[in-house]
Structures are given as C-alpha cells and as structure tokens.
Amino acid sequence: MSPSKSAAEILEIDGHEVRVSNPDKVVFPQPGLTKLDLVKYYLAVADGAVRGVYGRPMVLKRFVKGIDQEAFFQKRVPENHPDFLDTATLHYARGTSAEEAVVRDAAGLAWVINLGCIDLNPHPVRAEDLDRPDELRIDLDPMPGVDWSQIVDVAFIAQEVLSDHGLVGWAKTSGSRGIHILIRIAPRWDYKQVRLAAETLAREVENRAPGLATARWWKEERGESVFVDFNQNAKDRTVASAYSIRPLPDARVSTPLSWDELRVRRPEEFTVPTVLRRFEEQGDPMAGIDDAVGDLTRLLALADELGPAEKAPRGGDGSGQRVSTMPLIEVARTKTKPEALEALEAWKAKHPEVVAQLHPADVLVDGMRGSSSLWYRVRLNLQHVPEEERPAQGPLEADYDPWAGKVWPGGHPSAAG
C-alpha cells in the first residue's frame, strides 16, 4: 500500500459527484489494482453489476485493512450517505433493525466501493417489498476433494430440476470454488416458503444424483460431494452478486456464464482484467434475468410430496442442541483463517497417525458468523479412523470467543451445530 494517502479524486457519474478517497491505495498487490481501479472496473461493468443489486438492500462488507485481513459487516448505512443513494429499513429476528444501503445506479456502486467494499452483498428482496423475495438462490458448495467437473454436473442437474418445475436458472461462478444459480420469482411468497422451495430443489437434486450432490445441512455428513446450499434464502443471508470482485489474491470475479460455457470455462479465468475485456466484447449473459420471472407453485407441491426433511437428533440434556451422528472433535476457534490453519497444523503435528487416515472432506474449517465479522472453527470428522484409535476431545489449540464482552438479549449465542 502507498506509504501516504493520495489526494481524493472526484468522479462525475451520471450527473452525480462521487468522491474517491485515497485512490492510489493498492488493494490487490498481485495484479497491482488500486482502489480507483476497482471503482473504474465497477463503472465499466455497471450494466451487469447494477442489474444484480438494483433496488436491493445490501450489507456493506468492508475491507478497510486490505484483502489479507477479515472484513467487517456493516448493516447500517453511514449517516452521511449521499442523496442519490436510497435506503431501506430491515427488521431482524432478534428484534433489531437496520437502515441499509440500496443501490440503483452506477454512482451508488462507486460510492459503496469507496467505503472499502470489494464485493457486493444484496438481500434477495427489493426495497419495495422487504418481506417477499423475488430471487431464489442456490449455492453449489463443493466439499474438499471435489473437482470442478463434478460441480458442473450438479449444476446441470439443478437446471434440469428447475426446468421440470417451470423455472429458469441463471448460472455464475461464485468467485471461489463453487457455482451460484439465481432464479427470478414473483414476489408472492415469504422467506419461509422460498427457503422451503430452495430446500426442496436441493433434496430433488440429491435424489437424482446421490453421491454427487447432497442437501445435508451438517457439513460432516456430506462426504466428498457438492452441497446444494439452500439456506442462502434465509432472511438474514446475503450472497455476492454478479460481477462482484472477490477478496482473493488474483482479484477473481463472480462471473455470469451461459449454460453452454459452463462445461468449458474455469473460475480462475475470470479476473478483473479478463472480465473487463469479456464484458466489453460479449455483454452480460444475465441480461434477460428480469424477464424470466417464475412461479414456485410446482416446487412447493413437490415439497408436500417429499414430506418434511430429516431432522438431526437433539441432546437429552435439556439444551435442545443438535447431536452429530459423526465422531467429531473440535480443534480450534480463532479470529482469522490463517490462525485456524496454524492451529490445525499444530494439532496434526501431535497426531500424525490420525492424520494419515483422514480424507479431505474430514477436515472441517468453517467461517462462522460473529456479531460483525467472521470467526473460524476447526473440527475433524474421525469417521475413517478406527474407533479404538480415535483421540479424545482435548483442550483447543486456540480458543477465541467472538462474543466476549458483548451483551445479547437472548443470551450468549451458541457455537454448536
């Protein structure tokens, strides 16, 4: 990063002035992209990027200390936001509320990126109707050991299920290892119904591709499969939108693809420079998404046919907490992912005979939601270790409490599950 701050730059965008502070600050050292480069990228792809967030309240995911540090999540829009930025007040299950930013144009995009946001994280509702989503989202999340071809196979099965139920899916790379499928729907159903429809879709994909795909919510039960993540449709969840830059060293982009492209392209191909060229030459493969509004009636009818999903057993100690069916031990809880991986390596060094028997999907490193940022939990599934050789749960290699010092109306949040 620059040793001293550079002078702010004022951009004129569609009749609005947007101030870019410290424009020469290097955000992505590997490709040498500055803060101003990121703003100009979003302006260049604004037709597609605005389509993905238009009218949707968004959580501001701010990387004020750079991509190598954890972001913090800001629900409330800054009080000094410009007049051209809309807002909407969302109400959450804990009884809290937040006035969140609502972007409707390129100037709004630039203003959000200037805050230190890198990717855009909108809710699946429009500001005009905050209780009824108009977008159903599926995140195809591969377990360790799963390659890209398997993820693509699952994507096509999901497309088949959608088509069979009168819906149109639009695919994009997640910007990491997975694939997102977005489905426009009429805003007629509440969050609970939309999540049920998404879960039903996931269960039907698993039924058609057992072993390749799973709808099992608990990570240790998935094996080496692709998790069809339906819970991104819960009220408090957001997903990185189309054309979002992800906080990876190569400045990778969550990129919409046609279904014909999906089998022949790879996520690592899509970075800020390549997507700029692609967008200029080809435009946006998702340009027709708002014209393909679907109906959930048939998926919800399938939900009735399938019946309730299997629920995990609960403990008999009165806590009501889930009891895993797998032999799990916890290794660490940490503030950052590097600390989590360091703790994992420390545990491995003490138990080399156990490590030799673990499969890739047995190592569970999860980003968990804290009050305003992620924290990390490391667990091991000992299912492939003979019972007599399994180590007992011992002291954690690191024991970070993300809620230390915070007071919660409903009591201290549980990290179980």
Side-chain angles (χ1 to χ4, degrees), residues 8 10-21 35 38-64 71-93 96-137 182 184-191 194 232-245 254 256 284 286-287 289-291 293 372:
I10 307 297
L11 301 179
E12 182 79 18
I13 306 170
D14 298 332
H16 303 295
E17 287 190 350
V18 178
R19 181 179 182 272
V20 180
S21 59
K35 186 178 183 182
L38 302 193
V39 173
K40 289 183 175 179
Y41 159 81
Y42 276 105
L43 294 178
V45 300
D47 179 60
V50 170
R51 184 176 292 108
V53 302
Y54 183 85
R56 302 184 183 282
M58 72 168 61
V59 174
L60 302 175
K61 183 181 175 185
R62 301 178 65 180
F63 290 85
V64 295
F72 75 89
F73 297 90
Q74 180 176 334
K75 291 181 178 178
R76 290 173 176 81
V77 66
E79 291 185 3
N80 61 343
H81 63 270
D83 293 339
F84 61 76
L85 189 83
D86 282 350
T87 65
T89 300
L90 276 72
H91 297 272
Y92 290 92
T96 60
S97 64
E99 185 182 8
E100 298 190 9
V102 177
V103 169
R104 297 186 188 272
D105 53 28
L109 284 180
W111 184 82
V112 165
I113 302 308
N114 180 60
L115 292 178
C117 297
I118 293 175
D119 50 17
L120 307 171
N121 293 269
H123 291 272
V125 293
R126 310 275 186 172
E128 292 75 16
D129 190 343
L130 297 174
D131 295 319
R132 295 176 181 83
D134 74 330
E135 186 170 87
L136 186 150
R137 300 167 171 178
L182 308 179
R184 284 286 191 271
I185 56 174
R188 289 171 43 197
W189 297 272
D190 61 24
Y191 273 99
V194 173
Q232 302 300 343
N233 298 278
K235 188 172 184 179
D236 63 341
R237 295 298 181 95
T238 60
V239 174
S241 59
Y243 297 101
S244 283
I245 307 170
S254 179
D284 181 15
M286 277 191 179
I289 189 171
D290 289 318
D291 298 324
V293 178
S372 62

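Below, each value reflects all heavy atoms present in this structure, side chains not excepted, and no hydrogens, waters or symmetry copies.
Within the model, atoms OH of Tyr243 and CE of Met286 stand 8.0 Å from one another, a figure rounded to the nearest 0.5 Å. Atom CZ in Arg126 sits 4.0 Å away from atom CZ in Arg56 (nearest 0.5 Å). Distance check: His16 NE2 to Leu11 CG gives 13.5 Å after rounding to the nearest 0.5 Å. Taking NZ of Lys61 as the start and SG of Cys117 as the end, the distance is 9.5 Å to the nearest 0.5 Å. Annotation: the span from Ile289 atom CD1 to Arg51 atom CZ amounts to 9.0 Å, rounded to 0.5 Å. Taking NZ of Lys235 as the start and CG of Leu130 as the end, the distance is 8.0 Å to the nearest 0.5 Å.
When every heavy atom of Pro187 is checked against every heavy atom of Asp129, the shortest pair comes out as O-OD2, 4.1 Å. Closest approach of Pro122 and Gly52 over heavy atoms only: CG-O, 3.9 Å. Looking at every heavy atom in both residues, Val293 comes nearest to Ala186 through CG1-N, 3.3 Å. Minimum heavy-atom separation, Ala240 to Ser254: O-OG, 4.4 Å. Residue Ala106 comes nearest to Leu43 through the heavy atom pair O-CD2, 3.7 Å, listed as atom of the first residue, atom of the second, then distance. For the residue pair Ile13 and Ala107, the shortest heavy atom distance occurs at CG2-N, 3.7 Å.
Between Val103 and Leu109 there is a side-chain heavy-atom pair separated by less than 4.5 Å. Using a 4.5 Å cut-off on side-chain heavy atoms (C-beta onward), Tyr191 and Pro124 make contact. Taking 4.5 Å as the limit, every side-chain heavy atom of Asn114 sits out of range of all side-chain heavy atoms of Arg19. For the pair Asp290 and Arg184, the minimum side-chain heavy-atom distance is below 4.5 Å. A heavy-atom distance below 4.5 Å is not found between the side chains of Val125 and Asp131. Side-chain contact between Leu120 and Tyr42 is present, with at least one heavy-atom pair separated by less than 4.5 Å. For the pair Leu115/Pro78, a side-chain contact is recorded, criterion being any heavy-atom separation below 4.5 Å from C-beta on. Annotation: side chain of Thr238 is not in contact with side chain of Met58 (no heavy-atom distance under 4.5 Å).
A side-chain contact (heavy atoms from CB on, under 4.5 Å) with Asp86 is found for exactly one of Val102, Asp105, Val77, namely Val102.
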What's the verdict on side chain to side chain contact (heavy atoms under 4.5 Å, CB included) for Glu100 and Arg76, showing C-alpha distance, side-chain angles and the deciding distance? CA-CA 5 Å; Glu100 298 190 9; Arg76 290 173 176 81; over 6 Å; no
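The closest side-chain donor-acceptor pair between Gln232 and Arg137, if any, does not fall under 3.5 angstrom.
Using a 4.0 Å cut-off between charged side-chain N and carboxylate O, Glu128 and Arg104 make a salt bridge. For the pair Lys75 and Asp236, the salt-bridge criterion is not met [side-chain N within less than 4.0 Å of a carboxylate O].
Qualifying side-chain contact (heavy atoms from CB on, under 4.5 Å) partners for Pro82, counting only residues two or more places apart in sequence or in other chains: Phe84, Leu85, Trp111.
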